[in-house]
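Labels below follow one simple rule: chain letters A, B, ... track the order of the sequence lines, proteins then strands, and each chain is numbered from 1. Remember, it's a predicted structure, so these values are computed and weren't measured experimentally.
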Amino acid sequence: MSDSTAPKPPHYLDELNDVQRQAAENTEGPVLVIAGPGSGKTRVLTYRIAHLIEKGVAPWEILALTFTNKSAREMKDRIAKVVGKKASNIWAGTFHSLFARILRVEAKHIGYPSNFTIYDTDDTKSLINQIIKEMNLDKKVYQANAIKNRISSAKSSLITPKLYAQNAELLTQDKQAKMPLVSKIYTAYVARCKKAGAMDFDDLLFRLFELLQNHPEVVRKYRQKFKYVLVDEFQDTNTLQYAIVKKLVMYPKSPRNICVVGDDAQSIYAFRGATIQNILDFERDFADYGIQTFKLEQNYRSTEHIVQAANAVISHNRRQIQKNIWSHKGVGQKIKIIREMDDTGEGRRVADTILEQKSRYHLMNQEIAILYRTNAQSRIFEEYLRKFNLAYRVYGGLSFYQRREVKDLVAYLRMVVNPNDEEAFRRSINQPKRGIGNTSIEKVVALANARGISLFEALKHVALPNRTRHSADGYLDMITKARAKADTANAYELAESIARKSGLSTMLSNDTSIEGMARLENFSALLDGIKSFVDEDTLIDTDTLPDKTLASYLQNIALLTDFDSNEEKNNTDVITLMSVHAAKGLEYKSVFVVGLEEKLFPSWMSMDSADGMDEERRLFYVAITRAEQFLTLSYCNTRYRYGKMVMNEPSRFLTEVPAGAVENTSYSRRSEKSEYDPLERQRAKVTGITPIRKRGTAKFTKPKMDPSKFKPNLPSEIEVGQQVMHLKFGEGRITKVDGGAGNRIATIHFSDLAQPEKRIMLKFAKLQVLD
DNA sequence: ATAGCAGTAGGCCCT
DNA sequence: CTACTGCTAT
């Protein structure tokens with residue numbers, strides 16, 4: 001959308017079409033913006049905020065809630081282009097991060113420490129399993145995942161453990177699922193989180209709601225503060241999120257300056273409790289206060305065949321807000337449909353088509369995306385892209401912060417900040433092994449439960465055999481000493497010293513396998529991350545954070561996803577592989593939507609209900625509307641699932657794409673023989689495509705050199721001026737070495753990177769000197 | 001009492 | 001394809 005080429009930028013409102021402009025200028029009172037795909041929604045939001053600021057509204061009086069850190073950052077950057085630096089004072093961020101920020105300030109009102117820990121899904125599951133075990137229940141019957149979902153949706157519907165226990169409907173459901181004690185587990189879970197000083201993701205919303213509900217002086221404060229509230233992706237908010245927003249803007253004499261932007265057709269998070277009912281409720285709730293509705297219907301992203309296909313597909317859904325999405329970008333290319341015999345063929349054919357498109361239309365890698373329903377589908381595409389020497393990056397799957405080695409160190413850091421953190425205790429107490437096994441931990445748990453104290457406290461007093469006592473004391477001493485420094489010391493020094501004293505660094509350094517080296521890489525990348533948190537601001541959004549202590553570092557990373565990380569990935573020319581969910585809000589010149597088969601897309605989980613099917617169709621709608629010029633849909637007859645070959649029908653969604661928008665070479669003309677040539681298959685076998693995704697290996701496509709040939713030099717051998725090789729960053733030159741003897745830090749210039757300067761701790765990073 | 005190993009069962013959607 | 005379980009050696 002860079003059609004404005006005037007030398008002097010015109011007044012910013014001139015860059016908007018009529019409807020967009022009205023949506024941006026009508027700043028007072030409740031506003032609902034229904035925004036089709038590619039209709040300039042972000043543009044409206046940013047100009048609206050810019051307009052508010054130009055009119056004299058203070059940036060900190062504006063609350064803009066988004067779903068991802070990325071879109072918050074983008075929005076701020078774009079606002080800054082109009083109003084300058086003060087844009088950074090806007091309260092723009094995700095629901096979770098902004099609410100965590102408020103909760104830290106107001107924690108005392110709800111009996112939480114302001115250093116509260118945020119439990120991620122793994123912590124949550126592990127705690128639930130723990131409770132199940134303590135209650136002597138069969139974990140095959142009581143599945144942690146299912147229970148987590150029950151608890152999560154209870155919280156999202158504002159149902160406390162108490163209300164749950166009184167809710168006949170929920171109790172009946174649990175009985176039918178043969179899990180009558182879910183209510184008890186829920187109660188125990190909430191108590192344990194509280195005791196541990198921990199909140200899970202839902203708590204960040206739930207506790208904030210409680211806070212606003214029960215503390216009039218607090219709610220008054222924030223109502224006064226936030227004079228204008230904006231919500232992006234409103235179709236993906238759940239009941240609880242909307243309840244919080246209402247708390248902030250609905251009160252006597254409120255100006256009700258609330259603007260929500262969304263598209264019912266792109267609602268794809270119902271499985272997490274999101275409901276488009278919120279849009280309908282919004283219209284009802286604010287009907288008496290002069291609600292204004294604007295529909296953005298012009299699609300600036302895609303050519304007409306694509307828009308036409310999208311409209312046709314979505315019209316199969318039952319209810320929707322009426323709108324007429326149109327494009328004036330010309331008819332463009334027709335949609336290509338690829339059919340293959342099996343998933344391997346699909347992988348090869350997609351990679352082939354990419355090569356063809358690249359040469360014919362001069363596409364860059366970064367203009368291409370492969371979108372799939374489930375992350376597990378990525379493997380085959382990775383294999384072929386690699387084989388064809390096409391650079392790619394996979395989003396999703398195991399994120400950096402979920403890696404074992406990263407979580408281990410983070411667990412120690414969490415203990416330093418909040419010693420009551422039960423999950424961090426369990427993870428750190430015997431990692432690396434220090435001879436405190438299950439039996440000892442059982443004793444600790446027993447004592448903690450008996451006296452109602454934390455595990456950490458219990459460890460101090462529990463009776464243990466001498467040897468075990470000794471290592472326990474070592475652990476306690478380490479955490480206690482670090483805690484003493486936690487408020488004053490720089491987060492990086494603290495983390496680095498813990499990494500050393502815990503024995504984690506030594507343990508990882510001693511592992512010389514390739515996976516081990518990759519783990520060490522990740523481990524030092526974490527330390528590097530903490531370092532840049534401390535001295536630069538590049539890593540994270542400091543505006544949403546009050547300070548730079550270890551506590552706020554942890555708070556921040558708990559809410560980061562794979563998407564938000566720092567690396568140079570945004571600037572490198574790579575093909576994007578991601579799930580359709582992850583692709584929401586993004587756009588690419590050429591998009592491949594793959595695996596279009598019944599039971600896969602639409603997913604088998606959703607096929608038994610009409611609501612589920614509608615959601616799958618919206619998901620498909622989101623997928624195809626990511627494409628600007630080229631859209632390719634693919635499916636195959638058989639594929640491996642759970643290690644077994646299964647037959648698939650083509651997805652019903654394919655039949656919903658109008659024939660007029662589809663290239664007619666596609667369905668059946670291409671001879672199946674050539675695609676299923678046994679010789680060709682045999683050849684593929686012989687070429688031996690080896691799987692490249694191993695657990696714990698770095699995520700980048702191409703290692704800069706063959707890891708098996710990589711021979712790192714000793715840290716002491718590294719000098720200024722040397723040309724060195726780093727497994728992930730490639731070749732670079734040492735420009736500076738500083739730090740003390742045992743802790744030398746090299747500044748290295750990697751000219752291939754977008755941000756070439758890296759500071760790397762020599763004791764962790766492995767570097768090979770090149771001659 | 002702990003830790004490493006090996007074999008088995010169960011599970012893998014999306015945040 | 002991995003996360004538990006149970007066994008055995010220390």
Kindly point out which of [options] is positioned nearest to the side chain of [X]?
X: Thr374(A); options: dC13(B), dT15(B), dT2(B); result: dC13(B)
X: Trp604(A); options: dC13(B), dT2(B), dT15(B); result: dC13(B)
X: Ala376(A); options: dC12(B), dT15(B), dT2(B); result: dC12(B)
X: Arg373(A); options: dC13(B), dG4(B), dT15(B); result: dC13(B)

Protein-nucleotide distance ([X], atom [atom1]; [N], atom [atom2]), rounded to Å:
X: Lys584(A); N: dC13(B); atom1: NZ; atom2: P; answer: 21 Å
X: Arg404(A); N: dT2(C); atom1: CZ; atom2: C1'; answer: 12 Å
X: Lys148(A); N: dC13(B); atom1: NZ; atom2: P; answer: 12 Å
X: Asp236(A); N: dT15(B); atom1: CG; atom2: P; answer: 12 Å
X: Ile429(A); N: dA1(B); atom1: CD1; atom2: P; answer: 17 Å
X: Lys133(A); N: dC4(C); atom1: NZ; atom2: P; answer: 10 Å
X: Arg379(A); N: dC12(B); atom1: CZ; atom2: C1'; answer: 14 Å
X: Leu577(A); N: dC14(B); atom1: CG; atom2: P; answer: 14 Å

If pairing requires Watson-Crick or G-U wobble contacts with both distances under 3.5 Å, which nucleotide is the partner of dA9(B)?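 Result: dT2(C).
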Planes under 30° and centres closer than 5.5 Å, is that true for Phe201(A) with the base of dT15(B)?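 Stack criterion not met.
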Report yes if a side-chain nitrogen or oxygen of [X] is closer than 4.0 Å to either non-bridging phosphate oxygen (OP1 or OP2) of [N]; otherwise report no.
X: Asn438(A); N: dA3(B); answer: no
X: Gln143(A); N: dG11(B); answer: yes
X: Thr439(A); N: dT2(B); answer: yes
X: Ser603(A); N: dC12(B); answer: no
X: Asn375(A); N: dC14(B); answer: yes
X: Ser606(A); N: dC13(B); answer: no

Can a donor-acceptor pair under 3.5 Å be found between the side-chain atoms of Arg272(A) and the base atoms of dC14(B)?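 For Arg272(A), whose side chain was compared with the base of dC14(B), there is no donor-acceptor pair (under 3.5 Å).
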Under 6.0 Å from the six-membered ring centre of [Y] and within 45° of its axis: does the NZ or CZ of [X] meet both?
X: Arg617(A); Y: Phe620(A); value: no
X: Lys584(A); Y: Phe67(A); value: yes
X: Arg386(A); Y: Tyr384(A); value: no

Which residue lies more 5' along DNA chain B, comparing Ile441(A) with His581(A) via nearest heavy atoms: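 Of the two residues, Ile441(A) wins.
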Residue mapping more 5' on DNA chain B - nearest nucleotide basis, Phe271(A) or Arg434(A):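 In this pair, the answer is Arg434(A).
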Using every non-hydrogen atom in the two residues, find where Thr121(A) and Lys148(A) come nearest and quote the distance to one decimal.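 Closest approach of Thr121(A) to Lys148(A): CG2-NZ, 3.8 Å.
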Test Phe234(A) against every option in Phe95(A), Tyr269(A), Tyr242(A) by the ring pair (Phe, Tyr, Trp, His ring centres under 6.0 Å) rule and name the one that passes.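 Single ring pair (Phe, Tyr, Trp, His ring centres under 6.0 Å) partner of Phe234(A) among Phe95(A), Tyr269(A), Tyr242(A): Tyr242(A).
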What distance separates Asp174(A) CG from Tyr186(A) OH, expressed to the nearest 0.5 Å?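 Here the interatomic distance stands at 12.0 Å.
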Base, sugar-phosphate or nothing for Glu616(A)? Non-hydrogen atoms, less than 4.0 Å.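 Glu616(A): no heavy atom of the nucleic acid under 4.0 Å.
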Could you tell me whether Phe67(A) contacts a base, only the sugar-phosphate backbone, or nothing, with contacts defined as non-hydrogen atoms closer than 4.0 Å?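 Since no nucleic acid heavy atom lies under 4.0 Å of Phe67(A), the category is nothing.
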Distance, C1' atom - from dC4(C) to dC13(B), rounded to whole angstrom: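 Nearest-Å result for dC13(B) against dC4(C) at atom C1': 23 Å.
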